[in-house]
Amino acid sequence: MTGAVNIARVVVDVRTKALDRTFDYVVPTELATPVKPGHRVLVSFGNVRTLGYVMSVIATRMKGDAEEERKLKPILKVMDEEPMLTEELLRLVDWLCFRYVCTRLEAIESILPGVFRQEKETEASSVVVLHAEQSPEDLERAAFSKQKRAPKQAGLLRQLARDGVMSLPDNGVVPSDPAVKALVASGHASLKRLEHIPEIAASLSSENEEGERTLTPYQERVLREVSKALDNGREAFFVLHGVTGSGKTEVYLRAIAQCLSQGKSAIVLVPEISLTPQMVGRFTARFGRRVAVLHSRLGAREKKDEWIRLRRGDARIAVGARSAVFAPLVDLGLIIVDEEHETSYKQEETVRYDAREVAKWRAKSGWGVVLSGSATPSLTAMHEVAQGEARLLTLPTRVNNSPLPPVEIVDMREELRAGNHQLFSRALASGVEAALSEGMQSILFLNRRGYASFLLCRSCGEVVLCPHCDISLTLHRAGEDPHLRCHYCQHRSPVPQRCPNCGEDALRSFGVGTQQVEQEIERSWPQARVLRMDVDTTRKKGAHQQLLQAFADGEADILVGTQMVAKGLDFPKVTFVGVVAADTMLAIPDYRSAERTFNLLTQVAGRAGRAYLPGKTVVQTFRPEHYAVKSAARHDYSSFYREEILYRSRFEYPPYCELALFVAVHEEERLAQGAAARFEREVLRRAAAATITVLAAAPSGVKRAEDQFRYQVVLKYSSWEAVHDAVVGAYGLVYDRLRRLKGYAVLDVNAGRI
Ligand code: ADP
Ligand code: ZN
């Protein structure tokens, strides 16, 4: 082989840490598609055939004799006509590696949907959507009559009644599923192909398609600022602070329209939980087929189709959860981050990226605008405003000017003093009773599942612990036999009659969980119908939606649940919301617990009286003076922010610095501890002292989990660029050593952002 040859630098899809490098392959001249950076290719590696990703292509002149050159293998096949990874996404791969300390393969795996990482196309002929053909009322009636004979059909009907549409897995079983077949045969539903999803979603939306409604003066003002930035074509960051119902989504829609009219594209990020057909419907009603929805419930083939539509520019707007930030759009003009304060924007496994940071990176790299909206902006976002890195825009009132519901704080110490030793204060009880007597609904919220959080021996003080983890076992008592369960590793054991330590018959349960609240409701109001929603009742696929549907249909008077009930739910008949214990979150030893409490309480308090009926909220607490509780009750974001930011600055927590968390994990405590200590020393040795604070190696919050010991080191710094080399050097060293000893280590950069 002589003359000019192209060499492709390829990341091969073979997973070992040691292989974070590229391998050179010859580009054969006879390939039908010229190989470009970003192409997926098929290569042989060792003695296997594997997929690879072309990082770059280099033209060289070969002399035809060098040993090296003859050893180079050829690229066997180019998988797609156009490279799936755009030039910008390739640069993003490098940035992800730098920012989150991952391999290039891991970064690519985060960006590309899983289906692109298979060599074989999944031949899915059955990309379908089951679409309602009757009114929700008719479907409900049908569901009711089928409940006994055909429960599966009934379940599908209920879901259709609520959502109007559902996509079915594309594994070929769909048309042969007898329940689906029966529904289609009986005319309740029809099967449609994927291309119709946007039309269907749009048909479910009450949106005015032309978007003709006049904006409120506040919306006008906000939009003017965003428009100016879009016209400028320069990078710009906005934080949009507006309560629920203040018209944020309307602003998003207008901004997107303008972005499209400039020939640019947009991404809309929402928390997964709010990716409902109604929400998607608002976007598709305005923009039709220009919207691609990236949904975790999409089948492999559908995901691939949506990605390709975006890649080709057939779709110009990507709507989806966290990973939609990687949408392969070119000319990206606008990224919207809705509910910006949601912790789900941070990925909690490798690659531990934060979609909000990726959004910023993409805006910077392409001169785009980021618009982050929330009723309770994160401290990080507001700090960026204070630093002049982002601009604050506000929508101070609801569009329909309806007031936010009044919130009453109940001091549970007072309640005890008044002789009430019950779980429910008098105010909470009368709130539930008022709703019951008016035929309305209540939600009771408690951030703790199970019956009681631990068993304590009143004789010797022993708490019953998980044999595999250093945490107490939770008492469960609903439905099945009472038992103890570990909320970390799911270990189960029977409830001991006597204390395992001293043998006395003195075990008592402490710490109320949702099951106990449910039992207490049944005792206090035997006539009331109760539903409970927590991890234990929503384990089965679809159970979450079914419970919500049942409550929305008025099948229960009271919904008890954990934070699942707090987010994004909108039930017009709910007039009372009770927070059983606001303190459970405050008690968590994390500097973010006040912010989390404030966010959650604000969300919960917004649940009552959403539609036309006035609502009321009661918050029970032992710490009524706490500023997170007080300001949430007054719907007063700014006073919360002022208190909280002072505390962060005094103790030097984010946003005044960035936190990285290193955790060493090993079966033997000594080795986990040793690795963490080694990491601490290595960072100190390598980094300039002024750039970083290294907290001493210490056991993690849960020191032993699933029989593995965990020791951690917390790093505080203000510039990742300044400490990167030192931290990554130390990490690499300790990581390799731990791996050889059959343990592992984790490094979570920017672990402390909400
Ligand atoms: P948010 O996203 O802040 O919760 P939305 O954009 O959903 O607020 O607006 C709340 C409700 O008010 C929606 O039903 C929306 O259709 C309606 N709405 C928004 N802007 C206007 C407007 N300018 N005129 C009339 N109705 C509006
Ligand atoms: Zn356990």
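Ligands are counted one by one from 1 in listed order, and the atoms in each one are counted from 1 as well. The structure displayed is predicted, hence computed values, not measured ones.
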Item to check | Min heavy-atom dist Gly245 to ligand 1 below 4.0 Å | outcome: yes
Checklist entry - Taking 4.0 angstrom as the limit, do Lys742 and Glu668 come out as a salt bridge? => result no
Item to check | Plane angle bin for His468 and His491 - parallel if under 30°, tilted between 30 and 60°, otherwise perpendicular | outcome: perpendicular
Item to check | Closest approach of Ile754 to Ser378 (non-hydrogen atoms, all atoms of both residues) | outcome: O-CB, 3.6 Å
Item to check | Winner among Leu240, Asn400, Thr216, Val399 once heavy atoms are compared against atom 27 (C) of ligand 1 | outcome: Val399
Checklist entry - Is His468 close enough to the Zn ion (ligand 2) to have an N, O or S atom under 2.8 Å? => result no
Checklist entry - Do NZ/NE/NH1/NH2 and the carboxylate oxygens of Glu225 and Arg221 come within less than 4.0 Å? => result no
Item to check | Basic-acidic side-chain contact under 4.0 Å: Arg753, Glu357 | outcome: no
Next on the checklist: Ring-plane angle category for His483 and His476, please: parallel below 30°, perpendicular beyond 60°, tilted otherwise.
Outcome noted: parallel
Item to check | Between Gln258 and Asp231, a side-chain donor and acceptor under 3.5 Å | outcome: yes
Checklist entry - Is the distance between the Zn ion (ligand 2) and the nearest N/O/S atom of His491 smaller than 2.8 Å? => result no
Item to check | Angle at the Zn ion (ligand 2) (to 10°), with one arm to SG of Cys466 and the other to SG of Cys489 | outcome: 110°
Checklist entry - What do we get for Gln219 next to ligand 1 when only non-hydrogen atoms under 4.0 Å count, side chain, backbone, both or neither? => result side chain
Checklist entry - Just going by heavy-atom distances, which of Arg254, Met279, Arg282, Arg213 is nearest to atom 26 (N) of ligand 1? => result Arg213
Next on the checklist: Under 3.5 Å between any N/O of Thr244 and any N/O of ligand 1: does that happen in this structure?
Outcome noted: no
Checklist entry - In terms of atom number and element, which parts of ligand 1 are under 4.0 angstrom from non-hydrogen atoms of Thr214? => result 22 (C), 23 (N), 24 (N)
Next on the checklist: Below 2.8 Å, can you find an N, O or S atom of His487 next to the Zn ion (ligand 2)?
Outcome noted: no
Next on the checklist: Using a 4.0 Å cut-off to any heavy atom of Gly247, which atoms of ligand 1 qualify?
Outcome noted: 1 (P), 3 (O), 5 (P), 6 (O), 8 (O), 9 (O)
Next on the checklist: Regarding Glu384 and Lys360, does a basic nitrogen lie under 4.0 Å from an acidic carboxylate oxygen?
Outcome noted: yes
Next on the checklist: Out of all atoms in ligand 1, which are within 4.0 Å of some heavy atom of Val243? Include the element for each.
Outcome noted: 3 (O)
